Amino acid sequence: MKILSKLSVLLVFIFTTSSITAQKNIDPTPDDVILAKKIRSTYDKDDVAILESTENVTFDLNKNESKVIVNHSLNERLMNINHRANIQKYEFYDSESKIETFNLKFRNDKNTNYYVADEFYKDKDLFYNDARVKYMAVNFPIQGYTYNYELQKKYEDVKYFTALYFNDEFPVIKKQIVVTVPEWLNVELKEFNFEGKNITKSQTKDSKNNTVYTFTLSDVPALYKEEDSPGRSYIYPHLLVIAKSYKIKGKEVTLFNATADLYKWYKSLVDLMKDDTSVMKSKVIELTANAKTDEEKIKNIYYWVQDNIRYIAFEDGIAGFKPDESNHVFENRYGDCKGMANLIKQMLKLAGFDARLTWIGTKHIAYDYKTPSLAVDNHMICTLFYKGKKYFLDGTEKFNSYGEYAERIQNKEVMIEDGDKFIIDKVPMATNESNKEIFKANLSIENEKLLGNCSKSYVGESRAQFLYIYNSFKSDKKLETLENYLSKNDKNTHVSDIKTSDLKNRDAKLTIDYNVDVANKVSSFDNEMYVDLEYMNEYKNFELKDRKTDYEFDFKKNYESNVNLAIPAGYKVTKMPSDLIVKEGNFDIAITFQKTDKEIIYKKSFIFKNAEIKAAEMTKWNAFIKNLVANYNQQITFSKQ
């Protein structure tokens, strides 16, 4: 198989190379090479640039199905700005869209005949979906080499065509977006992140009295390839395309003119469900029979779904928006966020509670429900109405405690079902204090080792994260994994006598107590002893180099470390490390040392108040990290009395 694979690759390479070399007048001109070098000097991290990119959007009406069709075309001129480059051109489509043209041509307008693959899109986070992708491998043999790319795509229903972005995978020298709106269609082009961008706009009428909107932007950088960044709707300039209504035979048909229209469509999908709750009735009775309070009943149901229903992402046509029937999720023991939310709702209703489906856009999405678009949300949870309060239950958040909410949905608007009406509310926001993690150590020096007992405690999302990671390991590896975690995989640190609180209880504070033996931190010369008290090294390697976007943590962090070191008998402290204190808009850090008659108290506090480090704070953050490393490298000096 390996020989065949290599032979296939070789044949493709020979075919591609021969087809290119056989063509005439496709090599770059001297001006092309000069231009490529100039662009490369600006975009030195990119191999390919798009010289010109024009997107055209037009609309047609499918009168038989009463749907507005979107015709989306894209024309690009691609140039290699490095010595050579190999890229993939690709385009996704699904059951609501189709690709009519996907082509690459040489500069002389002849087809390249690159092989085009067409297959289902595979993603480790998706259990099943209807997304397909067309793609081709493209070779740029020399600097300045160009291709012309053509795409024509059709959306069968305008509601699925949501946004137009100016940025691309590669830098774009000139970007133009043209949207032609016929008289019979009412469309809003809602602008996002235009501030500070030199985007020119015009509005004209063509010969058919269509309104033509043209947006132009020059020197558009490539999409940032940075992890833990805000969602792209926060960062990049783009247009949301909101089709509000259309006219046919003098009658106006409403699409998504207001939030109520969005809810009406969502509710129409919910009304298609045929839940058979009889299959889960006995399980609900079992979970609530011995519960002493209503709150205990709620927790038993909520936690059972968290523990027993495997989360999968399921996107397949209308099923990407319609919740699965609760009986299917219950019997299959898996479901997506919509199916899990519906199961929680139906089980709570069987237990006599008022529970409702709830749509929400996670922290990844910039919009709220003032914008009637399918782009406004990407998640579903269940809202429990109990004793005059609302509780938001997310079955996909494993080990999340009842009444606590994940950072990704905090302070986000929700749309709660309420019969033919709906309720707009917000998920409460927690403080960093609610996620506090505390480390304590009482140490002494024996035989040039640090010995002592330690403890860790976790609440809120720090607890949920620990439980999620801990329970992801195989049962026979849990103790070994926990030892490695506590020792930070340091061969000089030995952990023993581990005792934990109930690791199945997601409501109580989680605690871990253990003994520690740390070598290679104490050294003695003549009458002096040198101690490196730092062995946890929190955030030591957390420099964020050359970053353009905000860094986002999983949750608001509040970490506290308290290490007490007994002063060895017969010694006195002659040198102490210096303190380090930093206070910025999004992070407060304090590293302090204190000496008493009997011990040295070493304290560290890392607080990330808003679960982020802003791009504007990166310089200060990286300067802090250098100071932190220097601080960690300081030693305590003891001298014999």
Side-chain angles (χ1 to χ4, degrees), residues 228 295-296 298-307 311 337 340 344 358 360 362-364 379 381-384 386 389-412 414 425-440 454-473 482 485-486 499-513 536 538-539 542 550-562 586-590 603-613:
D228 301 302
E295 188 171 286
E296 190 177 344
I298 294 163
K299 286 182 179 181
N300 289 350
I301 291 171
Y302 181 33
Y303 296 162
W304 183 88
V305 174
Q306 285 187 8
D307 293 342
Y311 170 73
C337 63
M340 294 174 81
I344 294 171
T358 301
I360 183 171
T362 64
K363 188 179 178 180
H364 195 71
H379 192 39
I381 58 177
C382 174
T383 300
L384 170 70
Y386 178 61
K389 289 182 63 178
K390 300 184 188 75
Y391 294 85
F392 302 100
L393 310 180
D394 186 346
T396 69
E397 290 291 342
K398 301 297 183 185
F399 308 105
N400 215 40
S401 180
Y402 170 68
E404 295 180 355
Y405 310 118
E407 175 70 27
R408 67 181 185 138
I409 66 170
Q410 287 180 27
N411 204 39
K412 293 293 294 182
V414 291
D425 207 332
K426 264 191 178 182
V427 178
M429 187 188 301
T431 65
N432 61 79
E433 189 73 25
S434 64
N435 302 321
K436 192 155 191 175
E437 178 184 346
I438 300 175
F439 170 71
K440 292 181 180 180
C454 304
S455 69
K456 281 178 169 284
S457 67
Y458 307 81
V459 294
E461 288 198 76
S462 70
R463 174 190 57 218
Q465 184 182 70
F466 177 89
L467 290 174
Y468 181 81
I469 295 171
Y470 178 78
N471 283 280
S472 67
F473 292 101
L482 186 55
Y485 164 74
L486 295 173
K499 297 180 179 63
T500 70
S501 59
D502 181 4
L503 296 182
K504 293 182 180 179
N505 188 337
R506 69 203 76 193
D507 295 325
K509 178 190 291 186
L510 188 155
T511 60
I512 307 172
D513 298 298
M536 295 298 286
E538 297 93 343
Y539 297 99
F542 205 71
D550 302 346
Y551 181 91
E552 293 192 339
F553 294 93
D554 292 336
F555 52 87
K556 301 179 188 73
K557 292 181 180 286
N558 186 320
Y559 175 80
E560 179 184 312
S561 169
N562 302 280
N586 285 290
F587 55 90
D588 289 348
I589 317 291
K603 291 188 175 183
K604 287 177 283 186
S605 173
F606 294 85
I607 299 175
F608 298 93
K609 294 171 278 190
N610 301 304
E612 64 182 358
I613 301 172

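The chain is numbered in sequence order, starting from 1. Please read these numbers as outputs of a predicted model, since none were measured by experiment.
Checked by atom type and distance alone, the side chain of Tyr302 pairs as donor or acceptor with a backbone atom of Asp394 at under 3.5 Å. Within the 3.5 Å criterion, the main-chain N or O of Asn400 finds a donor-acceptor partner in the side chain of Gln306.
Taking a 6.0 Å sphere around NZ of Lys398, one finds it holds more than 12 heavy atoms contributed by other residues, nucleotides or ligands.
Taking 4.5 Å as the limit, some side-chain heavy atom of Lys363 sits within range of a side-chain heavy atom of Glu552. The shortest distance between side-chain heavy atoms of Ser561 and Met536 does not fall below 4.5 Å. Side-chain atoms of Lys456 and Leu486, non-hydrogen and from C-beta on, do get closer than 4.5 Å to each other. Contact of the Leu482 side chain with the Thr500 side chain is registered, since non-hydrogen atoms from C-beta on lie closer than 4.5 Å. Using a 4.5 Å heavy-atom threshold, the side chains of Arg408 and His364 count as separate. Looking only at side-chain heavy atoms (C-beta outward), Phe606 and Lys557 stay at 4.5 Å or farther from each other. By the 4.5 Å heavy-atom criterion applied to side chains, Lys390 and Val414 are not counted as neighbours. Within the 4.5 Å cutoff, side-chain heavy atoms of Met429 are placed close to those of Lys556.
Listed by chain and number, the residues in a side-chain hydrogen bond (donor to acceptor under 3.5 Å, both in side chains) with Glu295 amount to none (sequence neighbours excluded).
Taking the ring centroids of Phe587 and Phe553, they lie at or beyond the 6.0 Å cut-off. In this structure, Tyr551 has its ring center under 6.0 Å from that of Phe542.
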Would you mind writing out the side-chain donor-acceptor pairs for residues 458-465 within the sub-3.5 Å range, not counting sequence neighbours?
{"residue": "Tyr458", "atom": "OH", "partner": "Tyr485", "partner atom": "OH", "Å": "2.5"}
{"residue": "Glu461", "atom": "OE1", "partner": "Glu407", "partner atom": "N", "Å": "3.3"}
{"residue": "Glu461", "atom": "OE2", "partner": "Glu407", "partner atom": "N", "Å": "2.9"}
{"residue": "Ser462", "atom": "OG", "partner": "Asn435", "partner atom": "O", "Å": "3.1"}
{"residue": "Ser462", "atom": "OG", "partner": "Val459", "partner atom": "N", "Å": "3.3"}
{"residue": "Ser462", "atom": "OG", "partner": "Val459", "partner atom": "O", "Å": "2.7"}
{"residue": "Arg463", "atom": "NE", "partner": "Arg506", "partner atom": "O", "Å": "3.2"}
{"residue": "Arg463", "atom": "NH1", "partner": "Asp507", "partner atom": "O", "Å": "3.4"}
{"residue": "Arg463", "atom": "NH1", "partner": "Ala508", "partner atom": "O", "Å": "3.1"}
{"residue": "Arg463", "atom": "NH2", "partner": "Glu404", "partner atom": "OE1", "Å": "2.8"}
{"residue": "Arg463", "atom": "NH2", "partner": "Glu404", "partner atom": "OE2", "Å": "3.3"}
{"residue": "Arg463", "atom": "NH2", "partner": "Arg506", "partner atom": "O", "Å": "3.1"}
{"residue": "Gln465", "atom": "NE2", "partner": "Asp554", "partner atom": "OD2", "Å": "3.2"}

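Between Glu296 and Lys299, none of the side-chain N atoms (NZ, or NE/NH1/NH2) sits under 4.0 Å from a carboxylate O, so this pair counts as no salt bridge.
A ring-ring contact (aromatic ring centres under 6.0 Å, His included) with Phe608 is found for one member of Phe555, Tyr559, Tyr539 and no other, namely Tyr539.
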